[in-house]
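These notes concern the structure reproduced below.
One-based numbering, in listed order, for ligands and for the atoms of each. Since we're looking at a predicted model, the values are computed, not measured.
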Amino acid sequence: MRRDFFSEEHELFRSQFRRFAEKEIAPKVPLWNERGMSDRETWRRCGEEGFLGASAPEAYGGAGGDFLYDAILMEELADLRAHGLMLSLHSNICRPYIETYGSEEQKQKYLPGTVSGEILLGIAMTEPSTGSDLASVQTRAVRDADGYVLNGAKTFISNGQIGDLFIVVAKTDPSSVPPHDGISLFLVEAKTQGFVRGRKLDKLGLRGQDTSELFFEDCRLPASALLGPEGAGFRMLMQKLQQERLCIGVASIASCRRTLADTVAYVKQRRAFGKPIASFQNTQFTLATLQSEVEIGQAFVDRLLVAHVRGDEIVSEVSMAKWWVTDLQKRLTSECLQLHGGYGFMREVPVSEDYADAAVQSIYAGTNEIMKVIIAKRMGLA
Ligand SMILES: Cc1cc2nc3c(=O)[nH]c(=O)nc-3n(C[C@H](O)[C@H](O)[C@H](O)COP(=O)(O)OP(=O)(O)OC[C@H]3O[C@@H](n4cnc5c(N)ncnc54)[C@H](O)[C@@H]3O)c2cc1C
């Protein structure tokens, strides 16, 4: 279906990025998957070409465009299976914290570098003993005369090896009731003494991403590292999660399209019992059902994109899309793998990678169970 909320400028941007990505990103994907991380040069090239600042404010070097420009990047990267290059984490999940809550000094110091690709961002919420229950984080930031002293451990942090600046969730008041009122956010530079990168974790999927451990060992931060007011961290996180979850929905449905298109092509050429496997009714019904579900999911995600750009509060709806589309992606990749027979189980056939990559979509950015907790709460059920 025609997606007419994208303007001519958006489509021009899409074709510019596609050309760039086919030339400078796609050839590197196998290498990133092998090494377990992307490379700085590609990030820098993305910055140079204007792909890191499409929606960043003009005052700090960005192009000041809307979120749809970045949604286009997410769709094209998903289509190329370039999951190692987490542009949306950088531009749409992390940077908005600085744009919205940063002091003028913090914005001047960091935003231009995030647009050029010299400063790469990550966000460190999850800890070894707590993920969904964010209010229970143990990382401590203790105030002293010069600023704060940070101690704690984080895990599963994307961009953990390549990142230069992390938004770190820490407790400033562990005795606060309710506990989430004791949470603050800090901008922590990787070069700070006491900031230690741990292992790059070995994962089932998303092999091109440097998901890592981070440690803070008496990490001394200036008072100016505090982002927003002390104790307001949890509320700031909740406000920004709408966009984070929409990013997952956008990329997830684009990945579904890629897997489905490849599977349709495969079943037309693979033969069994003297005919293409596409001619079996089971194949037809499976793929017709999945195609219908992808179109339904896309229609919902598109509606949310328009509402989000308009500035609507759509926390419930985005939570619905996050769980529904990522559950679809998990089922779709499994059914498409099955249609590839034994070849679907081979690493060299992309559907096997799609299957492994899909598994995490229902876990990060808030698990799908947590999405239902949010929806139920907003329905007045809890
Ligand atoms: C590849 C990858 C990248 C990631 N990137 C980042 C990152 O950049 N930054 C970051 O901070 N984190 C990141 N994460 C962490 C991710 O956000 C967490 O894994 C996720 O929030 C779940 O937390 P947990 O793993 O501690 O699971 P738990 O919270 O221990 O959950 C375990 C199970 O219990 C269920 N559960 C928990 N609470 C409830 C409840 N109230 N009701 C019903 N069920 C419940 C969950 O849904 C889940 O099924 C990443 C994770 C992965 C795998």
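When only non-hydrogen protein atoms are considered, atom 44 (N) of ligand 1 lies nearest to Glu369 CB, 3.7 Å. Looking from atom 4 (C) of ligand 1 to the surrounding protein, the closest heavy atom is Phe156 O, 3.0 Å. When hydrogens are left out, the protein atom nearest atom 16 (C) of ligand 1 is Thr126 OG1, 3.8 Å; that is the closest non-hydrogen contact. Protein heavy atom nearest atom 20 (C) of ligand 1, with residue, atom name and distance: Ile363 O, 3.5 Å. With hydrogens left out, the protein atom closest to atom 8 (O) of ligand 1 is Ser158 N, 3.0 Å, a heavy atom. The single protein non-hydrogen atom nearest to atom 28 (P) of ligand 1 is Ser132 OG, 3.7 Å, given as residue, atom name and distance. Scanning the protein for heavy atoms near atom 53 (C) of ligand 1, the closest one is Val360 CG2, 3.4 Å. Among all non-hydrogen protein atoms, the one lying nearest atom 24 (P) of ligand 1 is Gly131 CA, 3.9 Å.
In this structure, the side chain of Arg197 engages the main chain of Gly160 through a donor-acceptor pair within 3.5 Å. At distances below 3.5 Å, not a single donor-acceptor pair connects side-chain atoms of Arg45 with backbone N or O atoms of Arg40.
Using a 4.5 Å cut-off on side-chain heavy atoms (C-beta onward), Tyr60 and Lys107 make contact.
Taking any N or O of Ile123, backbone or side chain, at least one lies under 3.5 Å from an N or O belonging to ligand 1. Checked by distance only, ligand 1 and Leu206 stay at 3.5 Å or farther apart across all their nitrogen or oxygen atoms.
Side chain to side chain, Tyr355 and Gln338 fail the donor-acceptor criterion of an N or O pair below 3.5 Å. Checking Thr286 against Glu335 by side-chain atom types alone, no donor-acceptor pair falls below 3.5 Å.
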Show your reasoning for whether side chain to side chain contact (heavy atoms under 4.5 Å, CB included) applies to Thr367 and Ser362. CA-CA 5 Å; Thr367 67; Ser362 58; over 6 Å; no
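Taking the six-membered ring for Trp, Phe13 and Phe51 have ring centres closer than 6.0 Å.
Ring geometry for His10 against Phe6 counts as perpendicular: the plane angle is over 60°, on a 0 to 90° scale with 30° as the lower cut. Ring geometry for Phe234 versus His180: interplanar angle under 30°, hence parallel rather than tilted (30 to 60°).
Heavy-atom contacts of Ile157 reach the following atoms of ligand 1: 7 (C), 8 (O), 9 (N), 10 (C), 11 (O) (cutoff under 4.0 Å).
For atom 10 (C) of ligand 1, a protein non-hydrogen atom is found at a distance below 4.0 Å. For atom 51 (C) of ligand 1, a protein heavy-atom neighbour is found at a distance under 4.0 Å. For atom 30 (O) of ligand 1, the protein comes within 4.0 Å by no heavy atom at all. There is no protein heavy atom less than 4.0 angstrom from atom 36 (N) of ligand 1.
With rounding to the nearest 0.5 Å, the separation of CG in Asp262 from CG in Leu339 is 13.0 Å.
Proximity of Ile370 to ligand 1, defined as any heavy-atom pair under 4.0 Å, is confined to the side chain (atoms from C-beta onward). Of all the heavy atoms of Thr367, the ones lying under 4.0 Å from any atom of ligand 1 belong exclusively to the side chain.
Take Tyr266 and apply the ring-ring contact (aromatic ring centres under 6.0 Å, His included) test, not counting sequence neighbours, and it matches His340.
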